[in-house]
Amino acid sequence: ALMLAQKELGDIILVDIPSQTNPTKGKALDMLEAGPVQRFNASITGTSSYEDIQDADLVLITAGMPRKPGMSRDDLVAVNEKIMIEVSQNIKTYAPESYIIVLSNPVDAMTFVCFKTTGFPKNRVIGQSGVLDTARFNTFVAQELGVSIEDISGFVLGGHGDDMVPLVRYSYAGGIPLEKILPPDRIEAIVERTRKGGGEIVNLLGQGSAYYAPAASMVEMAEAILKDKKRILPSIAYLEGEYGYSNIYLGVPTILGGNGIESVIEIPLTADEKKALDQSVKSVQNVMSILETAKA
Ligand SMILES: NC(=O)c1ccc[n+]([C@@H]2O[C@H](COP(=O)([O-])OP(=O)(O)OC[C@H]3O[C@@H](n4cnc5c(N)ncnc54)[C@H](O)[C@@H]3O)[C@@H](O)[C@H]2O)c1
Ligand SMILES: O=C(O)C[C@H](O)C(=O)O
């Protein structure tokens with residue numbers, strides 16, 4: 001929320017479940033009071049009443065349990081599906097024309113739950129994983145090469161799990177294919193670290209999960225939509241035949257603009273890349289098979 005306000009992307013309403021004290025209102029007020037110092041103009045309010053989101057343009061869903069060290073994101077499916085259904089029903093009631101970006105884990109499955117529960121068109125229900133996973137990949141490549149992150153452009157495809165598919169063949173440093181400037185063993189180490197990047201932070205924190213980089217990733221997607229930027233960004237999108245998959249939400253390159261996901265970009269994959277993507281799809285489908293929403 002603070003990052004959104006700093007960029008003056010709109011007026012912001014934080015919604016959380018009620019509690020005896022008022023931490024949501026407190027956080028909102030604290031952020032608002034940073035405005036005069038940092039010179040941003042944005043209204044920021046906290047509430048536990050969904051009526052207050054009436055006719056919101058964009059809703060970012062971060063409600064739900066984070067994992068603890070030793071857990072997989074998929075272990076959160078049952079508890080977070082219930083939360084996602086409740087949140088989605090309220091969005092459907094109070095902000096029926098909104099665009100939605102889902103963050104809650106396991107995010108591919110939770111985006112599917114939100115899509116089914118709201119009944120919104122697929123271009124308006126979007127999940128976040130690839131911007132974050134790519135940011136992690138880019139961080140590690142820049143560190144390895146000792147160069148600016150500004151010149152690194154990685155590419156991550158697939159589900160937001162440990163078998164996500166960082167596509168080395170489509171990754172560059174200053175326009176130079178990564179494979180030309182890093183030895184295979186260093187690239188493999190970066191791919192592995194990216195796949196486990198969420199878990200690395202969960203273990204370091206001991207409680208809760210990554211925070212700043214996921215927020216920055218949501219804000220980049222929000223900005224693309226609100227300003228109709230037509231960015232090429234990875235999103236979790238509903239697939240209907242693209243890449244050979246259907247009835248699934250999966251991380252793929254998309255064009256994000258004023259109409260949400262305006263299109264899914266299909267790129268050619270080698271047999272090995274497709275095999276890796278198939279594996280990632282299988283993992284997402286395994287989680288989806290547990291969903292009450294998928295059974296209904
Ligand atoms: N997709 C990603 O890349 C990514 C990145 C980071 C975190 N996450 C996920 O986002 C979720 C939130 O993570 P966090 O670190 O902010 O957790 P957190 O515990 O700090 O915050 C979760 C919030 O959800 C609220 N909540 C619980 N039940 C609710 C309900 N029924 N309605 C509305 N709000 C409710 C809680 O009160 C709490 O404020 C987790 O599932 C986490 O795994 C995903
Ligand atoms: O790893 C997690 O549990 C949180 C999030 O999905 C992340 O990648 O940081």
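Predicted model only: the values in this text are computed from it and were never measured. Starting from 1, each residue takes its place in the sequence as its number. Order of appearance sets the numbers: ligands from 1, and atoms from 1 within every ligand.
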Those atoms of ligand 1 less than 4.0 Å from some heavy atom in [X]:
| X | value |
| --- | --- |
| Val87 | 32 (N) |
| Ala63 | 24 (O), 33 (C), 34 (N), 35 (C) |
| Leu132 | 3 (O) |
| Glu86 | 31 (N) |

* Can Gly208 be said to touch ligand 1, with heavy atoms closer than 4.0 Å? -> no
Residues [X], [Y]: salt bridge by 4.0 Å N-O rule:
| X | Y | answer |
| --- | --- | --- |
| Lys7 | Glu223 | yes |
| Lys82 | Glu292 | no |
| Lys274 | Asp278 | yes |
| Asp228 | Lys230 | yes |
| Glu192 | Lys196 | yes |

[X] to [Y] - nearest heavy-atom pair and separation:
| X | Y | result |
| --- | --- | --- |
| Ala56 | Ser98 | O-CB, 3.3 Å |
| Ser283 | Asp163 | OG-OD2, 2.5 Å |
| Ala1 | Met31 | CB-SD, 3.7 Å |

Who's the nearest protein heavy-atom neighbour of [atom], and how far?
| atom | result |
| --- | --- |
| atom 30 (C) of ligand 1 | Ile17 CG2, 3.4 Å |
| atom 12 (C) of ligand 1 | Thr62 O, 3.0 Å |
| atom 26 (N) of ligand 1 | Asp16 OD1, 3.7 Å |
| atom 19 (O) of ligand 1 | Pro66 CD, 3.4 Å |
| atom 40 (C) of ligand 1 | Met65 O, 3.2 Å |
| atom 24 (O) of ligand 1 | Gly64 N, 3.2 Å |
| atom 28 (N) of ligand 1 | Ile83 CD1, 3.5 Å |
| atom 9 (O) of ligand 2 | Arg136 NH2, 2.7 Å |
| atom 7 (C) of ligand 1 | Ser209 OG, 3.7 Å |

Below 4.0 angstrom from a heavy atom of [X], which ligand 2 atoms are there? Numbered from 1 as shown, please.
| X | result |
| --- | --- |
| Ser209 | 4 (C) |
| His160 | 5 (C), 6 (O), 7 (C), 8 (O) |
| Gly198 | 1 (O), 7 (C), 8 (O), 9 (O) |
| Ala210 | 9 (O) |
| Arg67 | 1 (O), 2 (C), 3 (O) |

Less than 3.5 Å apart, any donor N or O on the side chain of [X] or [Y] sitting next to an acceptor on the other?
| X | Y | result |
| --- | --- | --- |
| Glu81 | Thr293 | yes |
| Ser235 | Thr254 | yes |
| Asp52 | Tyr94 | no |
| Ser104 | Asn80 | no |

* Asked: Do Val191 and Tyr170 share a hydrophobic cluster (ILVMFWY, side-chain heavy atoms under 4.5 Å, transitive)?
  ->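 Unlinked, Val191 and Tyr170 end up in two clusters.
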Under 3.5 Å between some N or O of ligand 1 and some N or O of [X]?
| X | result |
| --- | --- |
| Leu76 | no |
| Val107 | no |
| Gln128 | yes |

* Asked: Of the listed options (Asn105, Val15, Asn90), which comes nearest to atom 8 (N) of ligand 1 when hydrogens are ignored and any heavy atom counts?
  -> Asn105
If you measure from each non-hydrogen atom of [X] to ligand 1, which part falls under 4.0 Å: side chain, backbone, both or neither?
| X | value |
| --- | --- |
| Pro214 | side chain |
| Ala210 | backbone |
| Asn80 | side chain |
| Arg73 | neither |
| Leu103 | both |

* Does a sphere of radius 6.0 Å around CD in Glu51 hold more than 12 heavy atoms from other residues, nucleotides or ligands, not counting ones at 6.0 Å or beyond? ->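 It does: Glu51 CD has more than 12 such atoms within range.
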* Considering only heavy atoms from C-beta outward, does the side chain of Thr45 approach that of Ile12 to under 4.5 Å? ->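 Result no, sub-4.5 Å side-chain heavy-atom pair not found.
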* To do: For ligand 2, note which part of Leu132 has a heavy atom under 4.0 Å away: side chain, backbone, both or neither.
  =>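 The answer is the side chain of Leu132.
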* Asked: Contact between Asn105 and ligand 2, counting heavy atoms under 4.0 Å?
  -> yes
* Given the rule in the side chain to side chain contact (heavy atoms under 4.5 Å, CB included) test, do Ile91 and Ile61 qualify, once you have shown the distances and angles that lead to the verdict? -> CA-CA 10 Å; Ile91 295 170; Ile61 308 181; 3.5 Å; yes
* **Full working for side chain to side chain contact (heavy atoms under 4.5 Å, CB included) between Glu240 and Lys122** => CA-CA 10 Å; Glu240 291 176 298; Lys122 62 179 180 176; 2.6 Å; yes
* What is the ring orientation for Phe115 with Tyr249, classed by angle as parallel under 30°, tilted 30 to 60°, or perpendicular over 60°? ->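 The arrangement is perpendicular - the two ring planes meet at more than 60°.
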* Ignoring hydrogens, tell whether any protein atom lies closer than 4.0 Å to atom 10 (O) of ligand 1; use the non-hydrogen atoms only. =>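 Within 4.0 Å: yes, protein heavy atom nearby.
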